Number of protein chains: 2
Amino acid sequence: MNKPCNQHIAESKEQLKAGSLKITSARLTLLDILKHAKKPLSIKEISLRLGEVDLVTLYRNVESLQNLGIVKQINLKDRQAYYELSGGEHHHHLICTNCGKLEDVQVEEIKLNKTFLKNHGFAKVTDHSLEFFGICKNCDR
Amino acid sequence: MNKPCNQHIAESKEQLKAGSLKITSARLTLLDILKHAKKPLSIKEISLRLGEVDLVTLYRNVESLQNLGIVKQINLKDRQAYYELSGGEHHHHLICTNCGKLEDVQVEEIKLNKTFLKNHGFAKVTDHSLEFFGICKNCDR
DNA sequence: GATATTAATGCAAGTCGTTTGCGTTTGTCA
DNA sequence: TGACAAACGCAAACGACTTGCATTAATATC
């Protein structure tokens with residue numbers, strides 16, 4: 001298995017302790033990968049960087065980190081899920097339906113005009129999806 | 001297989017002809033079901049209403065209709081896809097993460113305040129996802 | 001520092017939504 | 001009405017993800 005770089009290890013250990021998760025190198029490296037990622041990663045992509053950690057362990061670990069609110073799951077038109085750190089600036093995503101290229105978009109920038117497109121190296125935005133998730137009154141009781 | 005109601009048959013036939021798809025009762029009924037649906041439906045939900053049409057046929061038909069721009073695929077946190085007619089008023093979705101209850105939301109109504117929540121029978125909105133899909137400059141050449 | 005406890009891991013197998021291959025049936029058009 | 005391509009159904013495959021269970025390793029306690 002690959003080793004995490006030193007930069008974020010202390011912080012990662014803190015986060016795991018705070019969530020009463022055991023500190024394992026699979027988790028430290030996973031956190032390290034996500035902390036260095038410039039875009040949401042699929043399980044496969046994480047796995048490639050992670051080395052010889054079982055996929056099952058990886059699935060279980062991203063789930064634990066999701067439950068702690070450290071990691072966020074992204075759902076695209078793709079059949080697979082993507083993961084990113086949930087801290088950091090609030091943003092959305094811009095995805096090329098042809099090649100899958102993905103860019104982060106800040107909220108203030110969300111104006112579907114030519115400037116917006118130019119800034120992000122996109123020729124056109126053909127579609128978008130906006131979903132709200134919450135708890136309905138029935139489930140809130 | 002269930003029969004489509006008469007109301008929309010003519011329109012559906014037109015749509016299929018315009019897309020040079022053959023007019024089959026599987027397709028007419030599928031379109032009829034979507035035209036009467038109040039929310040996006042999963043393949044399973046459509047299949048229940050559709051009766052004895054093979055799932056494979058259903059998958060192929062929603063795909064054809066998607067290619068014609070008649071049907072739109074919705075991706076939620078769920079592992080399965082949902083389908084709705086792509087015509088009609090532009091709107092987004094509000095989904096209960098507990099029970100899966102789904103409501104349509106008009107764009108103008110998108111203000112995350114108490115009134116918004118009350119209007120939709122939701123206790124709280126915990127999360128939302130906003131994804132833009134398009135063609136990047138690289139793929140546009 | 002050794003040890004008990006409990007969580008984390010790896011492996012095998014299973015599940016579920018979706019897709020593919022292929023032979024048969026059925027719309028459509030001449 | 002018959003030819004032909006498109007649509008269909010069935011079986012099997014696929015890929016993302018999950019579950020069960022026995023083994024291993026991190027933490028707490030002595």
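All chains are named by letter (A, B, ...) in the order of the sequence lines, taking the proteins before the strands, and each is independently numbered beginning at 1. These numbers were taken from a predicted model, which means no experiment stands behind them.
Near DNA chain D, meaning a heavy atom under 4.0 Å from it, residues 58-66 of chain B has B:Arg60, B:Asn61 in order of number. Using a 4.0 Å cut-off on heavy atoms, the residues of residues 16-23 of chain B that approach DNA chain D are B:Leu21, B:Lys22, listed by number.
In this structure, CG of B:Leu28 is placed 16 Å from P of C:dT26, rounded to the nearest angstrom. With rounding to whole Å, A:Glu52 atom CD is found 17 Å from D:dT24 atom P. Nucleotide C:dG17 holds its P atom 14 Å from the CD atom of B:Gln73, rounded to whole Å. Rounded to whole Å, the distance from CG on B:Asp78 to C1' on D:dC17 is 13 Å. C:dT25 atom C1' lies 14 Å from atom CZ of B:Arg27, rounded to whole Å. Atom CD1 of A:Ile43 and atom C1' of D:dA16 are 9 Å apart (whole Å). Atom P of nucleotide C:dT18 and atom CZ of B:Arg79 are separated by 8 Å, given to the nearest angstrom. Remark: C1' of D:dA6 and CG of B:Asn67 are 15 Å apart, rounded to the nearest angstrom.
Between the A:Thr57 side chain and the A:Val53 main chain, no donor and acceptor come within less than 3.5 Å of each other. A:Ser47 places no side-chain N or O within 3.5 Å of a backbone atom of A:Ile43 that could act as its donor or acceptor partner. Judged by distance alone, the side chain of A:Ser12 and the main-chain N or O of A:Leu28 form no donor-acceptor pair under 3.5 Å. For B:Arg27 (side chain) and B:Lys22 (main-chain N/O), a donor-acceptor pair under 3.5 Å exists by modelled atom type.
Axis angle, first five pairs versus last five pairs of the helix from C:dG1-D:dC30 to C:dA30-D:dT1: 30°, rounded to 10°.
Using modelled atom types, one finds a donor on one side chain and an acceptor on the other under 3.5 Å when comparing B:Gln73 with B:Asn75. If you check the side chains of A:His93 and A:Glu84, you find a donor sitting under 3.5 Å from an acceptor.
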Task: CA sep, side-chain torsions, deciding dist, call: B:Tyr82, B:Leu76, side-chain contact (heavy atoms from CB on, under 4.5 Å) - done: CA-CA 8 Å; B:Tyr82 291 79; B:Leu76 308 179; 3.8 Å; yes
- [ ] Give the intermediate values and the outcome of side-chain contact (heavy atoms from CB on, under 4.5 Å) for residues B:Ile9 and B:Asp32.
- [x] CA-CA 7 Å; B:Ile9 290 189; B:Asp32 194 62; 5.7 Å; no
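Listed nucleotides: D:dC17, C:dT19, C:dG17. Nearest to the side chain of B:Val56: C:dT19. When the nucleotides D:dC17, C:dG17, D:dC8 are ranked by their closest atom to the side chain of B:Thr24, D:dC8 comes out on top. In the set D:dG9, C:dT9, C:dT18, C:dT9 carries the atom at the smallest distance from any side-chain atom of A:Thr57.
Partner A:Leu41 forms a side-chain contact (heavy atoms from CB on, under 4.5 Å) with one of A:Ile33, A:Leu48, A:Ile74 and no other, that one being A:Ile33.
The number of heavy atoms from other shown groups lying within 6.0 Å of NZ (B:Lys39) is above 12.
Residues B:Leu65 and B:Val56 are members of separate hydrophobic clusters, defined by side-chain heavy-atom contacts under 4.5 angstrom among Ile, Leu, Val, Met, Phe, Trp and Tyr.
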